[in-house]
Each structure stands twice: as structure tokens, then as C-alpha cells.
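Chain identifiers are assigned alphabetically (A, B, ...) following the order of the sequence lines, protein sequences preceding nucleic acid strands; residue numbering begins at 1 within each chain.
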2 protein chains.
Amino acid sequence: MAGGRLQRELKKRRPFDSLEQEAALNITRTADRFGICFTRLFREHGLTPSQYNVLRILRGEGKPLPILEVADRMLTAVPGITGLIDRLEAMGLLDRERSTEDRRVVFVTITEPGLQLLARIDAPEAALHRRLLGHLTPDELRELTRLLEKARQSLDDCGG
Amino acid sequence: MAGGRLQRELKKRRPFDSLEQEAALNITRTADRFGICFTRLFREHGLTPSQYNVLRILRGEGKPLPILEVADRMLTAVPGITGLIDRLEAMGLLDRERSTEDRRVVFVTITEPGLQLLARIDAPEAALHRRLLGHLTPDELRELTRLLEKARQSLDDCGG
DNA sequence: ACCAATTAGTTTACGCGTCAATCAATCGGG
DNA sequence: CCCGATTGATTGACGCGTAAACTAATTGGT
């Protein structure tokens, strides 16, 4: 249980109820803290983290993708994706196009300006990854990844 | 590098650029997924995760706390805390009271209904922690916590 | 062919996170 | 004592996440 670092950060009086609780709170806390850093980086380039994520998915795919497919890969609940795509389209970073085969479907594609913007972010983002986690050894990084992937196995049965 | 689980989850074509990137994305992904579960649990009791957090901090403290002290322990940017406290006060779960010594300061205290609500959430929350992370061994949980705490050390110098 | 169910996507409403600007109370230097 | 700087807190604007309700196109059973 141990009066760990998180307990101090939170100015908690009591130790944690369980190892599971301590680990879960550490996951949340770390993601929140790191998220702040990435949010600031993206903001310098005029993007929010969600917007960056959409563009990155589209670049990785390399071809038009249905809107809901994008939402799916982001964990974004369906309704939220619409405004997100709206703003990116208004910025000229992606194109929206209704499918001719199934007119319910809307495809989105990253534009050339979108690709150029991502290209400008690549290097500083890699540098940030290194600044945040470069002090862990390769073995530690692999073990951290392994443990987090194992942690997520508990989600498989119950809800996506 | 390894075609890991996350790569499949994201339907990524290429492996990750670095171990740091893979670990960072795994932290984010796991926190997001787990967060969805906790959000649902709290919602069943009429609370958002942030609202629950405020109440939990106040219960842990056991005495009135200045508003900004609450915001500080939550990573919440200062302006956001006001509306959060507003809604909890409207629900009768906490009391707001301006300090007499320094009239700029506003103290908040959890009310009896607030304590009762938290008490109803305690057991299901502990159960959720166990469902999400109970399949890791105690050694794995300790190692996961250690690695995440080490990860956050990189934030100490630069803004945290 | 027709009507019900499903699917893709949007709209609306509400709460939260972040930023910039503001206001009131307090503190400090002259 | 007074003026400027600081501190605690709030407000307003904007974007995102989530849920509920809705529209439009497609599918499937009969």
C-alpha cells in the first residue's frame, strides 16, 4: 500500500483502500497530466487534441473514411463527431463528401493543408514523448505497455 | 515494437514510431476506457466524475476547504471550479460559505446528504476497481503503480 | 410493393475544461 | 494613508463528451 507519491500529490490523509484503486487512480492521474502537455502542444498549432486525433487517423488511413468509422477509432460518442468534423472542414483541413452508393454515408478525407499541418507537428510531438517518458528504460516502457494492455483485457467482454 | 494490442484496437497500419509513443498512447487509451466505466457508475447516482471528485476531496478533508484548494487537488483549471461548486450547492451536497477573516476566500463543506450519497457509491466503486484491475496480480499492480509514478517524475520540473 | 426495423448522421441540451478578462479584497511600499 | 500589485473568485466565450430525440436512406420480411 505504501504512502506513495500519488497520496502526497493528492494530499490524501489515508492510504488507498486497495492496490487496484491506487493503480486506477495513477492511470487517471498520469493521463490527465500528460494530456495537459499534449493539449498545449496542439494548441500552439491551432488544434485541440480531438482535432489532431481525427487528422492523424485520416492520414494513417490515406483514403476517405466514413464519419462513424472515425468516431469509432476515437472512442468519441457518435453525436460529438459532427461538430468536430464541421470545424475541421471550416479550417480547410479535411473534405466532406457524401457517398453516391449509400447516400446516408459521409466520407471525409484529409486535405493537403491538413497533411502539412500534421507534418509540422510530428517532430515536436515525438520530442514531447521523449521528454515525458524518455527517462524510463526500454524494458520499463515495454513492461508498462504490457501491463496497460493487460489491464484493458477486462473491458473486452463488457462494453466495447 | 511488436504489433501489439493497441495497434489492432486503433486499426493502425504501421507500428509505433517509438516505445515512448506506444506507452503514452496506451496510458491515454486505458484512462479513456476506464473513465467511461466510472462515468457510467457515477451517472447512475446523478453525479459526473468531476462532481464525485469534489465530494470525495471534501469527505477526505473532513473540514471546510477553500475553493481554490479543491481545484488544486483536481487538476481543474481555476475558472471551471465555480460552476462545478454551483451545481453541487444547488443539489444540496455541499455548503458554500465566505470566510470572515479574508473575505475573498470561499470555503466549501460537504453536507450530510453529500456524505450519504458518497456512502452509497463506495461499494460499487470498489467493485468496479476490482472488475477492471482485479485480474492483475498484486505484484503487477505494484509495478504498474511504480512505473506510472516514475513516468510522472518528468513533470516535476516543468509545470506541475 | 409495402411497412417495420435498422443504420448513418445530425440537432439539441447540459456539464466540463481552458483561456482571457474582470472584480473585489488584501498586501506592500512610499 | 494611499496607490499599485497580488490573490481569490467569478464571468463569458468556445470546444468537447454524453445522452436523447430526430431525419433520411437503406434493408428485410411478408
Side-chain angles (χ1 to χ4, degrees), chain A residues 28 31-55 64-91 93 96-108 159-160, chain B residues 28-29 31-55 64-91 93 96-108 159:
Chain A
T28 303
D32 280 354
R33 294 298 221 105
F34 281 20
I36 291 172
C37 298
F38 285 104
T39 299
R40 285 208 264 257
L41 172 62
F42 298 141
R43 186 169 293 273
E44 287 171 21
H45 297 270
L47 292 179
T48 66
S50 294
Q51 290 169 351
Y52 173 78
N53 251 307
V54 171
L55 294 181
L65 217 51
I67 282 191
L68 291 196
E69 177 64 27
V70 177
D72 205 44
R73 299 193 193 183
M74 297 218 320
L75 302 187
T76 292
V78 177
I81 197 71
T82 301
L84 197 48
I85 299 288
D86 282 349
R87 276 167 230 116
L88 287 166
E89 189 184 17
M91 289 189 252
L93 302 176
R96 223 199 208 106
E97 191 180 2
R98 197 161 280 271
S99 166
T100 53
E101 298 174 14
D102 184 338
R103 275 174 307 187
R104 291 169 304 180
V105 177
V106 177
F107 282 98
V108 285
Chain B
T28 303
R29 183 83 174 177
D32 280 354
R33 295 297 221 106
F34 281 20
I36 291 172
C37 297
F38 285 104
T39 299
R40 285 208 265 256
L41 171 62
F42 298 140
R43 186 169 294 274
E44 287 172 20
H45 297 269
L47 293 178
T48 66
S50 294
Q51 291 169 350
Y52 174 78
N53 252 307
V54 171
L55 295 181
L65 216 52
I67 283 192
L68 290 197
E69 177 65 27
V70 177
D72 205 44
R73 300 192 192 183
M74 296 217 321
L75 301 187
T76 291
V78 177
I81 197 70
T82 301
L84 198 48
I85 299 288
D86 284 347
R87 276 167 229 116
L88 287 167
E89 189 183 16
M91 288 188 251
L93 302 177
R96 221 197 209 107
E97 191 179 3
R98 197 161 281 271
S99 165
T100 53
E101 300 174 13
D102 184 338
R103 273 173 309 188
R104 292 170 304 180
V105 178
V106 176
F107 282 98
V108 286

Q) Taking the nucleotide of DNA chain C with the closest heavy atom to each, which residue, A/Ile85 or B/Arg98, is nearer the 5' end? A)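 Checking each residue's closest nucleotide, the 5'-ward one belongs to A/Ile85.
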Tell me, do [X] and [Y] make a side-chain contact under 4.5 Å, heavy atoms counted?
| X | Y | result |
| --- | --- | --- |
| B/Val70 | B/Ile67 | no |
| A/Thr82 | A/Asp86 | yes |
| A/Leu93 | A/Leu47 | yes |
| A/Leu75 | B/Arg29 | yes |

Interface polar pairs with nucleotides 17-22 of chain D, N/O, under 3.5 angstrom:
unit_1	atom_1	unit_2	atom_2	d
D/dG17	OP1	A/Ser50	OG	3.1

Taking only N/O atoms, report every protein-nucleotides 26-28 of chain C pair under 3.5 Å with atom names and distance.
unit_1	atom_1	unit_2	atom_2	d
C/dT26	OP1	B/Arg103	N	3.2

Distance in angstrom units between [X] [atom1] and [N] [atom2], rounded:
| X | N | atom1 | atom2 | answer |
| --- | --- | --- | --- | --- |
| A/Phe42 | C/dT18 | CZ | P | 14 Å |
| B/Asp86 | D/dG12 | CG | P | 12 Å |
| A/Leu88 | D/dG15 | CG | C1' | 11 Å |
| A/Leu68 | C/dT7 | CG | P | 12 Å |
| B/Leu47 | C/dG15 | CG | P | 12 Å |
| B/Glu69 | D/dG8 | CD | P | 10 Å |
| A/Leu41 | C/dT18 | CG | P | 15 Å |
| B/Glu97 | D/dA9 | CD | P | 13 Å |

**Q.** All side-chain contact (heavy atoms from CB on, under 4.5 Å) counterparts of B/Ala31, not counting sequence neighbours
**A.**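 side-chain contact (heavy atoms from CB on, under 4.5 Å) list for B/Ala31, sorted by chain: A/Ile27, A/Ala31.
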(Q) B/Ile36: which residues meet the side-chain contact (heavy atoms from CB on, under 4.5 Å) condition with it, sequence neighbours left out? (A)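 Partners of B/Ile36 by the side-chain contact (heavy atoms from CB on, under 4.5 Å) criterion, ordered by chain and then number, come out as B/Arg40.
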Q. So with a 6.0 Å cut-off around CD of A/Glu97, is the heavy-atom count from everything else above 12?
A.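 Atom CD in A/Glu97 is not crowded, with 12 or fewer foreign heavy atoms closer than 6.0 Å.
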**Q.** Partner residues of A/Phe34 under the ring-ring contact (aromatic ring centres under 6.0 Å, His included) criterion, sequence neighbours left out
**A.**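 Partners of A/Phe34 under the ring-ring contact (aromatic ring centres under 6.0 Å, His included) test: none.
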(Q) Please enumerate all residues that pass ring-ring contact (aromatic ring centres under 6.0 Å, His included) together with A/Phe42, with sequence neighbours excluded. (A)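 For A/Phe42, the residues satisfying ring-ring contact (aromatic ring centres under 6.0 Å, His included) (neighbours in sequence not counted) are A/Tyr52.
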